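Predicted, not measured: the structure shown is a model, and the values here were computed from it. Per chain, numbering begins at 1; letters A, B, ... match sequence-line order.
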Amino acid sequence: MKCREFRRRMRHGTSLTDTYRADMEEHLRTCDHCAARFASTWRLQELIDEARNVDMPELDENAYWRKIESFLPPVPTMGGLTPGAAGEGLKVSPLASLTAMRNLLLPDPVLGLSAAILLLLIIVATRPFISEARFTSVFENLPEGENARLELLYSPDFLLKSRQLPTDLPATTFFWIERK
Amino acid sequence: MEGSINEHINRCLTGDQAAFREVVNRYRSRMIRLAYRYVHDWEEAADISQDAFLRAYSALAGFDQSKKFDAWLMRIVVNLSLDRLRHTATVRTRQADIHRMLPGRKENPELAAVGGEQLCRLHELMDELNERQRTVFVLRELEGLDYHAIARLLGCSPATVRVHLFTAKRRLRMGLATVSPIEEGIG
């Protein structure tokens with residue numbers, strides 16, 4: 001048996017058949033390197049077994065709980081706190097509070113989706129007024145003689161209109177949008 | 001099981017501390033034991049686990065209930081333990097713990113001394129592993145989690161977990177071999 005084969009079989013541990021075991025024992029007798037490796041692996045496994053079976057000392061459950069209780073806030077906070085002090089994969093994301101809100105207020109995904117659609121409709125419905133207000137604000141505050149152009153996002157739901165500025169502002173075109 | 005833990009969590013979210021106490025009772029031993037794997041001190045391990053429960057409670061509203069609560073809690077304990085190790089430079093005497101670990105060897109002081117030394121050396125070598133290797137080793141070999149569970153917990157692939165475990169065990173094995181008179185005799 002070659003050393004590589006021996007190591008491959010060694011990884012199978014107790015699932016070895018008697019034939020394999022006999023071959024391996026034969027190899028152990030002839031190869032010092034594999035024998036040393038086998039011994040160190042065996043010893044490590046024994047130590048792992050001992051470390052795994054550690055006996056936990058008796059604990060005063062009430063005292064344990066009282067210490068936790070003394071620091072407990074009245075109700076869990078809405079995200080934001082980093083539960084782990086270090087390492088990866090634990091920091092609460094910036095969306096944690098949103099998730100928390102969703103869990104508390106919208107436990108049903110369908111309800112959440114409906115709320116999102118409603119919010120979107122409100123935004124779309126109010127958009128022309130917002131855009132026009134912005135347009136008016138910029139238009140009225142534009143310094144004299146400045147050549148400027150305000151571009152508003154075009155959407156197929158809205159008409160794109162334009163109007164010329166007064167003659168003292170040369171060749172300047174402003175756009176705004178209105179509902180169809 | 002997970003369904004009932006989610007019920008407890010929902011009760012906790014309404015401020016029901018009795019529900020949280022039940023959660024603590026359910027996971028207390030496991031979390032203390034896990035912390036102990038890192039700090040090798042029961043008192044400190046209990047302290048870390050209490051801190052972990054507090055942090056978990058505070059962040060409970062942000063916990064995604066479709067995920068496993070115990071894995072989330074374990075991750076908190078692991079991170080707090082690693083954090084404690086980083087910031088604590090105190091040298092601990094582990095003989096008392098080792099003595100407790102090896103009840104069967106009490107009758108033979110010589111054997112107990114050898115075994116205790118080896119276990120102590122194992123702990124020292126574990127301290128020398130990097131955080132990933134150490135965490136994978138602890139979760140797999142001492143806590144008995146499967147590769148997929150560890151991978152989910154650490155946010156990596158099971159193949160990566162295997163690599164970390166292989167490296168950790170090789171380093172431990174080589175570290176133990178450097179002090180072992182038995183091995184020297186074999187070579």
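Residues Leu28(A) and Met24(A) share a hydrophobic cluster, clusters being chains of Ile/Leu/Val/Met/Phe/Trp/Tyr side chains in contact below 4.5 Å. Both Leu13(B) and Ile5(B) belong to a single network of hydrophobic side chains, linked directly or stepwise wherever heavy atoms of I, L, V, M, F, W or Y lie under 4.5 Å apart. No continuous path of hydrophobic side-chain contacts links Met126(B) to Val163(B) [ILVMFWY only; heavy atoms under 4.5 Å].
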Before you tell me yes or no, could you show the steps for Tyr64(A) and Val24(B) under side chain to side chain contact (heavy atoms under 4.5 Å, CB included), namely the whole-Å CA-CA distance, both residues' side-chain angles and the distance that decides it to 0.1 Å?
CA-CA 10 Å; Tyr64(A) 184 89; Val24(B) 170; 3.7 Å; yes
Going through the checks in order, is the side chain to side chain contact (heavy atoms under 4.5 Å, CB included) test met by Trp42(B) and Val54(A)?
CA-CA 11 Å; Trp42(B) 287 113; Val54(A) 57; 3.5 Å; yes
Under the salt bridge (charged side-chain N to carboxylate O under 4.0 Å, His left out) rule, what do Glu143(B) and Arg52(A) come out as? Steps first, then yes or no, please.
CA-CA 7 Å; Glu143(B) 292 298 314; Arg52(A) 187 187 299 134; over 6 Å; no
Going through the distances and angles, do Lys67(A) and Asp47(B) end up as a side chain to side chain contact (heavy atoms under 4.5 Å, CB included)?
CA-CA 9 Å; Lys67(A) 187 176 170 190; Asp47(B) 195 42; 2.5 Å; yes
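Across every non-hydrogen atom of Leu44(A) and Lys169(B), the tightest pair is CD2-O, 3.6 Å. Considering all non-hydrogen atoms of both residues, Arg37(B) and Ala51(A) come closest at NH1-O, 2.7 Å. Heavy-atom minimum distance, Ile48(A) versus Leu142(B): O-CD2, 3.8 Å.
Taken to the nearest 0.5 Å, the CZ atom of Arg170(B) stands 12.0 Å off from the OG atom of Ser40(A). The distance from atom CE of Met56(A) to atom CZ of Arg28(B), rounded to the nearest 0.5 Å, is 7.0 Å. Atom-to-atom distance recorded for Arg66(A):CZ and Arg21(B):CZ is 8.5 Å, nearest 0.5 angstrom. The CG atom of Leu176(B) sits 11.5 Å away from the CD atom of Glu46(A) when rounded to the nearest 0.5 Å.
Ranked by heavy-atom pairs shorter than 4.5 Å toward chain A, the options Gly144(B), Ser49(B), Ala45(B) are led by Ser49(B).
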Donor-acceptor list for residues 149-162 of chain B side chains, cut-off 3.5 Å, not counting sequence neighbours:
residue, atom, partner, partner atom, Å
Ser157(B), OG, Thr160(B), N, 3.1
Ser157(B), OG, Thr160(B), OG1, 2.7

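Both the backbone and the side chain of Ser29(B) come within contact range of chain A, with heavy atoms under 4.5 Å apart. Contacts between Gln45(A) and chain B at a heavy-atom distance below 4.5 Å involve the side chain alone, from C-beta outward. Using a 4.5 Å cut-off between heavy atoms, Ser81(B) makes no contact with chain A at all.
Using the six-membered ring where Trp is involved, Trp65(A) and Phe20(B) have ring planes that are tilted, between 30° and 60° apart.
Side-chain atoms of Arg173(B) do not come within 3.5 Å of backbone N or O of Arg43(A) as any donor-acceptor pair. No donor-acceptor pair under 3.5 Å is formed between the side chain of Gln118(B) and the backbone N or O of Leu47(A).
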